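Structure record follows, encoded as structure tokens.
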Amino acid sequence: MGSTDFRVRLFRQEDLDRVMEINVTCLPENYSSFFYMDIYHRFPQTFLVAVVDEVIQGYVMCRVERAMSKLKKLSLAKLSHVVSIAVMKSHRQRGIATALMHQAMENSVKYYGATECFLEVRVSNIPAIKLYDKLHFIQTKRIYGYYMNGEDAFEMVRPLNEGEPMKQDE
Ligand code: ACO
Ligand code: ZN
């Protein structure tokens with residue numbers, strides 16, 4: 001298990017293999033190295049890793065998209081899209097995903113001017129849904145057959161308020 005101490009830092013190029021390993025181990029949605037590096041080059045401040053005893057045990061990556069607001073009718077917004085987050089099983093339920101999400105949301109506002117954060121999650125993924133509930137995301141729609149195996153997704157969204165310290169959410 002290692003120590004309970006972890007720190008969150010920006011992703012670096014040399015982290016790629018480990019991040020891809022965590023992704024393949026934890027999730028059925030897998031991506032090419034090009035996909036990761038493209039997100040990293042475009043949004044380096046919201047591609048984060050969590051390190052325990054020098055070893056990466058979790059990551060989050062977001063893509064900031066200009067699109068219609070998911071919370072306010074008929075308004076354009078900058079949305080931080082959480083493309084993928086995962087924490088190795090041996091290191092779960094000690095706050096790592098919460099810390100990754102907080103830092104990613106904070107950096108989405110600070111560096112990219114995002115005003116909302118959203119993601120899709122499998123309707124059966126109770127741990128993840130509980131994590132997002134706790135972070136004050138709300139379910140905005142059910143996307144039928146979103147995943148390769150035909151499973152539905154919930155779209156979940158929350159506002160990102162400038163000037164409001166998001167670490168004091170809980
Ligand atoms: N059962 C119920 N609730 C849970 C569980 C669980 N197994 N795990 C986390 N939660 C909820 C709890 O509310 C928890 O708060 P609490 O500890 O005060 O009860 C809250 O989430 C925060 O938990 P963290 O410790 O911060 O989360 P963790 O570091 O364990 O990571 C994650 C959660 C990322 C969902 C992890 O379980 C994981 O990697 N799962 C596999 C990959 C995955 O499903 N990723 C998300 C896919 S959706 C997407 O990527 C956009
Ligand atoms: Zn998505």
Side-chain angles (χ1 to χ4, degrees), residues 8 11 16 18-40 42-43 45-50 56-89 91-109 112-161 166 169-170:
V8 171
F11 170 89
L16 181 62
R18 176 61 178 164
V19 166
M20 288 181 75
E21 181 182 18
I22 296 172
N23 168 260
V24 167
T25 308
C26 299
L27 281 167
E29 291 75 45
N30 310 129
Y31 315 97
S32 66
S33 52
F34 174 82
F35 183 86
Y36 289 93
M37 292 313 287
D38 181 56
I39 290 198
Y40 165 64
R42 291 160 66 204
F43 307 105
Q45 299 290 341
T46 51
F47 194 161
L48 307 171
V49 295
I56 295 173
Q57 301 292 355
Y59 71 88
V60 63
M61 61 174 172
C62 307
R63 185 167 64 206
V64 182
E65 304 164 353
R66 193 176 275 282
M68 292 307 285
S69 165
K70 294 181 184 293
L71 295 169
K72 291 187 207 155
K73 277 206 172 107
L74 300 177
S75 75
L76 263 181
K78 271 193 179 177
L79 314 179
S80 181
H81 179 175
V82 182
V83 175
S84 186
I85 179 170
V87 173
M88 289 297 279
K89 202 166 204 160
H91 289 73
R92 288 182 193 162
Q93 288 186 280
R94 43 167 114 165
I96 291 179
T98 301
L100 287 166
M101 286 291 297
H102 272 139
Q103 192 67 57
M105 291 192 287
E106 192 175 306
N107 288 4
S108 296
V109 175
Y112 305 124
T115 54
E116 293 171 22
C117 186
F118 82 99
L119 52 88
E120 301 89 15
V121 59
R122 281 177 192 270
V123 296
S124 65
N125 192 347
I126 302 301
I129 292 168
K130 288 207 166 149
L131 164 72
Y132 306 135
D133 280 343
K134 211 175 163 197
L135 292 167
H136 309 292
F137 282 74
I138 54 160
Q139 288 175 19
T140 38
K141 65 180 172 193
R142 186 174 182 125
I143 310 171
Y144 292 92
Y146 181 77
Y147 294 100
M148 290 289 282
N149 70 343
E151 188 172 348
D152 300 345
F154 288 125
E155 178 187 80
M156 297 185 74
V157 185
R158 64 158 277 179
L160 298 175
N161 299 319
M166 278 170 297
D169 263 347
E170 292 162 280

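Nothing here was measured: the structure is a model prediction, and the numbers come from that model.
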Shortest non-hydrogen contact between Arg158 and His136, atoms and distance: CB-O, 3.3 Å

Can you give me the closest heavy-atom contact between Ala99 and Val8, atom names plus distance? CB-CG2, 4.1 Å

Can you find a side-chain donor-acceptor pair between Glu29 and Ser84 that sits under 3.5 Å? no

Kindly determine whether Gln57 and Arg92 satisfy side chain to side chain donor-acceptor pair (under 3.5 Å), including the steps that lead there. CA-CA 9 Å; Gln57 301 292 355; Arg92 288 182 193 162; over 6 Å; no

Rounded to the nearest 0.5 Å, what separation is found between the CZ atom of Phe35 and the CE atom of Met61? 5.0 Å

Between the side chain of Tyr147 and the main-chain N/O of Arg122, is any donor-acceptor distance below 3.5 Å? yes

For the CG atom of Asn161 and the CD atom of Glu116, what is their distance to the nearest 0.5 Å? 10.0 Å

Show the numbers, then the answer: is there a side chain to side chain contact (heavy atoms under 4.5 Å, CB included) between Thr115 and Leu71? CA-CA 10 Å; Thr115 54; Leu71 295 169; over 6 Å; no

Between atom OG of Ser32 and atom CE of Met37, what is the distance when rounded to the nearest 0.5 Å? 11.0 Å

Between Thr98 and Leu131, which heavy-atom pair has the shortest distance, and what is it? OG1-CD1, 3.6 Å

Distance, nearest 0.5 Å, that separates OH of Tyr59 from CD1 of Ile85: 8.5 Å

Note, Ile39 side chain near Phe11 side chain (heavy atom, < 4.5 Å): no

When you check the gap from the basic side-chain N to the acidic O, do Glu155 and Lys70 get nearer than 4.0 Å? yes

Mind listing the closest non-hydrogen atom pair of Ala104 and Val60 along with its distance? CB-CG1, 4.0 Å

Quick check: do Cys117 and Val82 have side-chain heavy atoms less than 4.5 Å from each other? yes

With a 4.5 Å limit on heavy-atom distance, are the side chains of Val157 and Leu79 in contact? no

Judged by atom type as modelled, is there a donor-acceptor pair below 3.5 Å linking the side chain of Asn107 to the main-chain atoms of Gln45? yes

Nearest heavy-atom contact between Val109 and Ala114 is CG2-O, 3.6 Å

Nearest heavy-atom neighbours spanning Val19 and Val49: CG2-CG1, 3.8 Å

Do Phe118 and Thr140 touch side chain to side chain, with heavy atoms closer than 4.5 Å? no

Is the backbone N or O of Ser124 less than 3.5 Å from a side-chain atom of Glu151, with the two atoms forming a donor-acceptor pair by type? yes

Could you state the interatomic distance from CE (Met88) to CD1 (Ile96), rounded to the nearest 0.5 Å? 11.0 Å

Side-chain (Lys78) to main-chain (Val64) donor-acceptor, under 3.5 angstrom: no

Rounded at 0.5 Å granularity, tell me how far CG in Leu119 sits from CD1 in Ile129. 10.0 Å

